[in-house]
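To keep things clear, I will list the structure first and then write my remarks on it.
By convention in this document, chain letters (A, B, ...) are assigned in the order of the sequence lines, proteins followed by strands, and residues within each chain are numbered from 1.
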Number of protein chains: 2
Amino acid sequence: MTLNQEAFKKILKEQGLKVTNQRLLVLEVLEKHRGEHMTAEDIYELVKVDYPEIGLATVYRTVQLLLELQLVDRINLDDGCVRYEIGTLIEGEEGKHHHHHLICKSCGKVWSFEDDLLEELESYIERKTDFHVLDHELKFYGQCKECAERESAEKRK
Amino acid sequence: MTLNQEAFKKILKEQGLKVTNQRLLVLEVLEKHRGEHMTAEDIYELVKVDYPEIGLATVYRTVQLLLELQLVDRINLDDGCVRYEIGTLIEGEEGKHHHHHLICKSCGKVWSFEDDLLEELESYIERKTDFHVLDHELKFYGQCKECAERESAEKRK
DNA sequence: TTTGGTGCAAAATTTTTGCAGGCTA
DNA sequence: TAGCCTGCAAAAATTTTGCACCAAA
């Protein structure tokens with residue numbers, strides 16, 4: 001049982017929510033797959049290995065809960081399903097420390113990109129508009145090295 | 001018949017595609033609602049006013065086509081449906097000139113925000129990684145002025 | 001014991017697809 | 001006329017919901 005799991009239990013109790021196996025297991029799967037972008041179905045399949053009686057609806061309800069507790073981020077990679085990724089808050093770091101996503105239009109693979117430049121843009125928005133920024137999501141679409149090379153090789157033929 | 005419609009016809013013909021009423025009407029609706037974020041269903045309802053025999057499947061197929069021709073942008077406001085917005089290319093301006101979206105977490109309203117700061121970040125990514133950036137989508141989540149005021153008024157009670 | 005949580009199945013939503021017929025070029 | 005395009009309906013895919021039962025506090 002990891003420290004994160006203890007922290008999660010504490011958060012649940014503080015919110016008057018119940019600690020259940022299903023909730024612990026969903027969080028555990030997300031933690032073990034940190035940095036991946038998992039659909040509800042992905043999580044469901046992995047939890048089922050240790051806990052076959054879990055239902056898909058519970059996974060949906062649990063990720064919704066984790067989202068509200070701000071323990072996971074929701075990402076949409078435009079492939080028709082919503083994806084979830086564990087956040088950094090649970091590790092004790094203060095403040096959100098998001099990364100951006102680079103999505104290859106050819107093969108669909110996704111890379112992460114760390115950057116702080118948006119803090120600047122967020123404070124600019126706060127100054128210029130009446131909008132209070134809490135969070136952001138930034139995706140770059142383009143082409144990865146492999147696909148660029150493959151396509152230029154195909155052209156040369 | 002607007003100039004844009006003529007330009008669109010030309011593009012279709014250049015691509016060996018057929019000019020149909022349905023395609024012209026979908027584009028026209030998107031143009032008349034420039035700056036809005038329309039679902040396929042929204043477009044369908046509006047086209048039906050002038051052309052009741054159109055089918056929803058045709059709208060889906062047409063926005064997909066417009067996307068491939070880079071005449072519209074796809075946006076996902078995390079409300080469960082994909083939205084489309086006419087781009088700026090069709091007006092003759094060269095290069096993409098995207099705007100970002102400010103999404104209020106309380107009321108769901110969406111504002112646009114013009115900015116060029118991301119060009120810088122894009123070229124930084126090109127330098128630092130093997131990824132060739134073609135496009136981006138940036139969303140800010142937060143709270144609009146009205147919702148912030150309403151919530152602080154509710155607290156004071 | 002009480003209340004919230006879960007599993008299951010059905011429903012709801014959004015989007016895609018197959019096919020026969022229609023329209024553009 | 002030939003083949004792309006369309007409308008319709010069915011299918012697919014994802015997510016939500018109702019309800020009876022179960023388990024945590």
(request) Round to a whole Å and report the spacing from CG of B/Leu24 to P of C/dT24. (result) 10 Å

(message) Taking the basic N atoms (NZ, or NE/NH1/NH2) and the acidic carboxylate oxygens, is any pair closer than 4.0 Å for B/Lys10 and B/Glu6?
(response) no

(message) Just the rounded figure in Å: distance from C1' of C/dT15 to CD1 of B/Ile43.
(response) 14 Å

(request) For B/Ser123 and B/Glu120, indicate whether the former's side chain and the latter's backbone hold a donor-acceptor pair under 3.5 Å. (result) yes

(request) Find the distance B/Lys48:NZ to D/dG7:P and express it as a whole number of Å. (result) 12 Å

(message) Go through it in stages, so that I can follow the logic: the residues are B/Glu85 and B/His33, the test is side chain to side chain contact (heavy atoms under 4.5 Å, CB included), and I'd like the CA-CA distance, side-chain angles, deciding distance and then a yes or no.
(response) CA-CA 8 Å; B/Glu85 185 174 18; B/His33 294 261; over 6 Å; no

(message) Any donor-acceptor pair under 3.5 Å linking the side-chain atoms of B/His100 with those of B/Asp115?
(response) yes

(message) For nucleotides 15-25 of chain D, give me one character per nucleotide, 5' to 3': B if any protein heavy atom sits under 4.0 Å from the base, S if the only such contacts are to the sugar-phosphate, - if neither.
(response) BBBB-----BS

(message) If only side-chain N and O atoms count, and only distance matters, is there a donor-acceptor pair under 3.5 Å linking A/Asp78 with A/Tyr141?
(response) yes

(message) Just the rounded figure in Å: distance from P of C/dC8 to CD of A/Gln22.
(response) 11 Å

(message) Whole angstroms only, please: what is the CG-C1' distance between A/Leu12 and C/dG4?
(response) 12 Å

(request) Describe the nucleic acid contact of A/Tyr51 in one word from base, sugar-phosphate, nothing, applying a heavy-atom distance below 4.0 Å. (result) sugar-phosphate

(message) Looking at B/Lys18, is its backbone amide N or carbonyl O close enough to the side chain of B/Arg23 to form a donor-acceptor pair, meaning the two atoms are under 3.5 Å apart?
(response) yes

(message) What is the distance, to the nearest angstrom, from the CG atom on A/Leu25 to the P atom on C/dG5?
(response) 16 Å

(message) Without decimals, in angstroms, what is the distance between B/Asn76 CG and C/dT15 C1'?
(response) 13 Å

(request) Return the value, rounded to whole Å, for the distance between atom CD of A/Glu53 and atom P of C/dG5. (result) 18 Å

